[in-house]
Visitor: 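The structure follows.
Only this structure's heavy atoms are used, side chains among them; waters, hydrogens and symmetry mates stay out. Chain letters run A, B, ... following the sequence lines, proteins first and then strands; every chain starts at 1.
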Amino acid sequence: MNTEILGVILMYITVMALAIPLGRYIGKVFNDERTWLDPIFNPLDKVFYILGGIDPDKGMNWKQHLWALLTINAFWFLISMFVLTNMSWLPLNPDGNPSMSPDLAFNTSVSFVTNTNLQHYSGETSLSYAGQLILMLWQFISAATGIAVCAMLFTAMKERTAEKLGNFYRFFVRTCTRILLPIAFIGAVILVFSGTPMTFEGKDTITTLEGEEQHVSRGPAAAFIPIKQLGTNGGGYYGPNSTNPMENPDYLTNILETVYIFLIPIALVFAMGYMLKRKKLALVVYGVMTVGFLCLVVPSIYFEMIGNPAIAEMGIDQSAGSMEGKEVRFGAAASAYWAINTTSTSNGSVNAMHDSMTPLTGMFAMLGMMINSFYGGVGVGFINFYVFIILAVFIGGLMVGRTPEFLGKKVEAKEVKIAMVIALLHPLMILGGTALASYLYVGSPEAYAGWLNNPGHHGFGEFLYEFCSASANNGSGFEGLGDNTPFWNIATGIVMMLGRYLPIIGPVAIAGMLAAKKYIPESAGTLKTDTSTFGILVFAVIAIVAALAFFPALTLGPLAEYFSLT
Amino acid sequence: MKSNLIPALRLTLVCLVFFCGVYTLAVYGVAQLAPGKGEGFTVSANGKTHHINVGQTFKSDGYFWSRPSAVGYDAAGSGGSNHGPTNPDHLAEVQSRIDSFLVKNPGIDTSEIPADLVTASGSGLDPHISVQAARVQAKRIAAVRNISEDDVAQLIAKHTEAPLLELFGTERINVLKLNLALDNIKK
């Protein structure tokens, strides 16, 4: 069999082999059960609690969770703004890089605090090492924020009536120390032994074999990269992310970095099964997510591997696939596989340039972000999926004429209204933003000529992709877009903020309200949610609500480009 | 809200010290044990130091050429072309790369040129080329360097890196290593 395909299969098998035990471990961490790492982490957590001034045993209701989350996130934003706009004189700046402009710093701060990592700058020339390290901090703790909220959601889904749903800070600290830290550290060790830089020296200057001078950017990259992958952050240390041979030196590191994208999102589904003692429900959720993921990834790999017909027409052999924007050491299959991994979770790192991929692969990448819950971002992916479950329960209940119930709690008008608003917010921001950008561009094409790197349908795709990426908190891009302008910095900054916090607030409210309701044990009249029938129903809801809403826009962009090519 | 302000600030500072300080220094400490001490893998030849993982521009006829780069192999400003597959400028550029390749490599047919030699990589720093990309240049190298084509073919075979465990990923050649070896043949 083709070694490129085998590589892809190996990556999926590896991630599953690790995610199932990790899910069990995460379930134990949030259930406060004993694990073999307790002797190390119990004292460490205590240090966090004491220095942080936190009482980890104080129960919080869903509103208190949200206030704690929003307050701490606001601090991060302010600190981030300060560091990014003052890098030029702060320490750790051996390359003498400048401070960011206010609009770029706004965009970047929102981007990293919301776990998006949309980057309108290039790391080598726009960040000092202090800037890189502060962004790395957000990569750890914004991921922990998402997972902590998810832990609260799982707690709320347990079979009982409860107001208090654990303590936000406790979930947060335990996520940081017991989940993110050890896995990131293992990744960093593998990377430094593979040639990824980890130094505080500035650029290296060498003379090439042909006698030219070449500057080589370095820095504390190996600490940064594993958490970028693991926390579905995605912001690269270097401008072109994991295409850069320092950031992703060989096929082995590519396997590592790809596996890290899916690891926690998949593990969280199994953690839910463990915490709720509902393995079948976890399998149904995993099944729906996996079928959805396969629908996106299989055709993407196919289209990248058959290459670009326009270049084939020139007589160039396309057996290696479409190679523009790709690295020889990864090849077409592993690049397409990564592209769908990174967009169906809200990661957004890349190991090939998505702008240069063949039209339909670009479309499947966008669909991954439009749906945003096939595994999804750490914590928030499951939270998005939860919204679809609520909608499916409601629709299913109407279809069979039963009161909609989920896990023994009645789903009523209020919850369904919130779920529907959250489900429609995402298309509104993506399509509204794209429409606004298109309107401005068509109105004065000369003033905005710098926006587009590609003409025609593909150019429209660059607008659409950017708003998908911002709203889904993804962070990848059709990077040809000239996006470091006030319009894009501010527009996508606002979209990222709404796209992060509203889809957390809504589902948390639903879960909190359901948790407080009376628990009704399952009976013969209950609509069973841990069956494949219900799985199909959820899949249909996702296809109708999430995917079809975008069909007209996709027709104007990638689909039209595809048909113009063949 | 008010009761969250102080814990939020204090917890943020603890995280700052722990992740930017302790974690970062721990990784830095491990890097001191790794080859290259965290400053990148390098190789020295003829008094010059090269980064193995970072591609270089090779334009002269006596060296194997590396892939086209959108940034001219600037390792302090890496990046791709971000050209879409239907972009007319992009297609014209590919065509002109094919044309100039054929001029410099007489006797080669277009169908023998692999895609990676006429397309730019994502990073602009791709250190590798495909095996076919090396083979298709063998004739030119042999002629310019005045060595037999067999010697060049052997060199290519010797520097072909197999897929991981011979099972996963792509076959490839590190252009820098190949060219360093090429320089050694002559002497």
Visitor: Is there side-chain contact between I255(A) and L164(B), with heavy atoms separated by less than 4.5 Å?
Guide: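 Result yes, sub-4.5 Å side-chain heavy-atom pair found.
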
Visitor: Determine the minimum heavy-atom distance between R10(B) and I50(A), stating which atoms define it.
Guide: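 Reported closest heavy-atom pair: NH2-O, 3.2 Å.
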
Visitor: What part of F140(A) is in contact with chain B, defined as an atom under 4.5 angstrom from a non-hydrogen atom: side chain, backbone, both or neither?
Guide: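 Only the side chain of F140(A) comes within 4.5 Å of chain B.
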
Visitor: For Y49(A), is it the side chain, the backbone, both or neither that has a heavy atom under 4.5 Å from a heavy atom of chain B?
Guide: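 Neither part, no heavy atoms under 4.5 Å.
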
Visitor: For the interface with chain A, which of I173(B), T24(B), D74(B), T42(B) has the highest count of heavy-atom pairs at distances below 4.5 Å?
Guide: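 Most pairs with chain A among the choices: T24(B).
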
Visitor: So for V173(A), is it side chain, backbone, both, or neither that comes closer than 4.5 Å to the heavy atoms of chain B?
Guide: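 Contact with chain B involves the side chain of V173(A) alone.
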
Visitor: For the residue pair S123(B) and T243(A), what are the closest heavy atoms and their distance?
Guide: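 Heavy-atom minimum between the residues: CB-O, 3.4 Å.
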
Visitor: Side chains of V8(A) and F168(B): closer than 4.5 Å at any heavy-atom pair?
Guide: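 Heavy-atom side-chain distance check fails, nothing below 4.5 Å.
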
Visitor: Between T57(B) and E210(A), is a side chain to side chain donor-acceptor pair (under 3.5 Å) present by the stated rule, with each step listed?
Guide: CA-CA 8 Å; T57(B) 313; E210(A) 287 194 342; over 6 Å; no

Visitor: Under the side chain to side chain donor-acceptor pair (under 3.5 Å) criterion, do H51(B) and D204(A) qualify, and how do the steps go?
Guide: CA-CA 10 Å; H51(B) 281 267; D204(A) 197 8; 2.8 Å; yes

Visitor: What part of E324(A) gets within 4.5 angstrom of chain B, counting heavy atoms only: side chain, backbone, both, or neither?
Guide: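 Both parts, heavy atoms under 4.5 Å.
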
Visitor: Among A115(B), A133(B), A45(B), A120(B), which residue forms the greatest number of heavy-atom pairs with chain A at distances under 4.5 Å?
Guide: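 Winner by heavy-atom pair count: A120(B).
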
Visitor: Can you tell me how far the CZ atom of F58(B) sits from the OG1 atom of T208(A), to the nearest 0.5 Å?
Guide: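 Rounded to the nearest 0.5 Å, the CZ-OG1 separation comes out at 6.5 Å.
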
Visitor: Return the option, out of P35(B), S130(B), P114(B), S60(B), with the maximum number of heavy-atom pairs under 4.5 Å with chain A.
Guide: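 So the answer, after comparing P35(B), S130(B), P114(B), S60(B), is S60(B).
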
Visitor: What pair of heavy atoms forms the shortest contact from T12(B) to W76(A), and how long is it?
Guide: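 Result for this residue pair: OG1-NE1, 3.0 Å.
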
Visitor: Taking all heavy atoms of L565(A) and all of P85(B), pick out the closest pair and write down the distance.
Guide: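 Result for this residue pair: CD1-O, 4.4 Å.
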
Visitor: At a heavy-atom separation under 4.5 Å, does E166(B) approach chain A through its side chain, its backbone, both, or neither?
Guide: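 Backbone only.
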
Visitor: With only heavy atoms counted, which part of M11(A) is less than 4.5 Å from chain B, the side chain, the backbone, both or neither?
Guide: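 Neither part; nothing is under 4.5 Å.
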
Visitor: Any chance the side chains of N82(B) and N453(A) put a donor and an acceptor closer than 3.5 Å?
Guide: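 Looking only at side-chain atoms, N453(A) and N82(B) do not form any donor-acceptor pair under 3.5 Å.
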
Visitor: With rounding to the nearest 0.5 Å, note down the distance linking OG1 in T207(A) to NE2 in H50(B).
Guide: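 Going from OG1 on T207(A) over to NE2 on H50(B), the span is 8.0 Å.
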
Visitor: Between D183(B) and L209(A), does the side chain to side chain contact (heavy atoms under 4.5 Å, CB included) criterion hold? Intermediate values first, please.
Guide: CA-CA 10 Å; D183(B) 276 350; L209(A) 210 51; 4.1 Å; yes

Visitor: Would you mind reporting whether K48(B) and I206(A) have side-chain heavy atoms less than 4.5 Å apart?
Guide: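 Heavy-atom side-chain distance check fails, nothing below 4.5 Å.
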
Visitor: As a quick check of understanding, evaluate side chain to side chain contact (heavy atoms under 4.5 Å, CB included) for E212(A) and Q56(B), giving each step before the final call.
Guide: CA-CA 9 Å; E212(A) 283 178 27; Q56(B) 299 184 355; over 6 Å; no

Visitor: Heavy-atom pairs under 4.5 Å with chain A: which of Q32(B), E171(B), E39(B), R172(B) has the most?
Guide: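 Answer, by heavy-atom pair count under 4.5 Å with chain A: E39(B).
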
Visitor: Find the distance between CG (L11(B)) and CZ (F75(A)) and round it off to the nearest 0.5 Å.
Guide: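 Between atom CG of L11(B) and atom CZ of F75(A) there are 11.0 Å.
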
Visitor: How far apart are the closest heavy atoms of E327(A) and G122(B), and which atoms are they?
Guide: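 Taking every non-hydrogen atom into account, OE2-N, 3.0 Å.
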
Visitor: Under 4.5 Å between any side-chain heavy atoms of L137(A) and C15(B), yes or no?
Guide: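 Side-chain contact under 4.5 Å: yes.
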
Visitor: If I compare all heavy atoms of Y23(B) with all of A223(A), which pair ends up nearest, and what's the gap?
Guide: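 Answer, listing the atom of Y23(B) first, then A223(A): OH-O, 2.7 Å.
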
Visitor: Judged by modelled atom types alone, do E4(A) and T170(B) share a side-chain donor-acceptor pair under 3.5 Å?
Guide: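 No.
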
Visitor: Determine whether F185(A) and V30(B) make a side-chain contact, defined as any pair of heavy atoms from C-beta on separated by less than 4.5 Å.
Guide: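 Yes - at least one pair of side-chain heavy atoms lies under 4.5 Å apart.
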
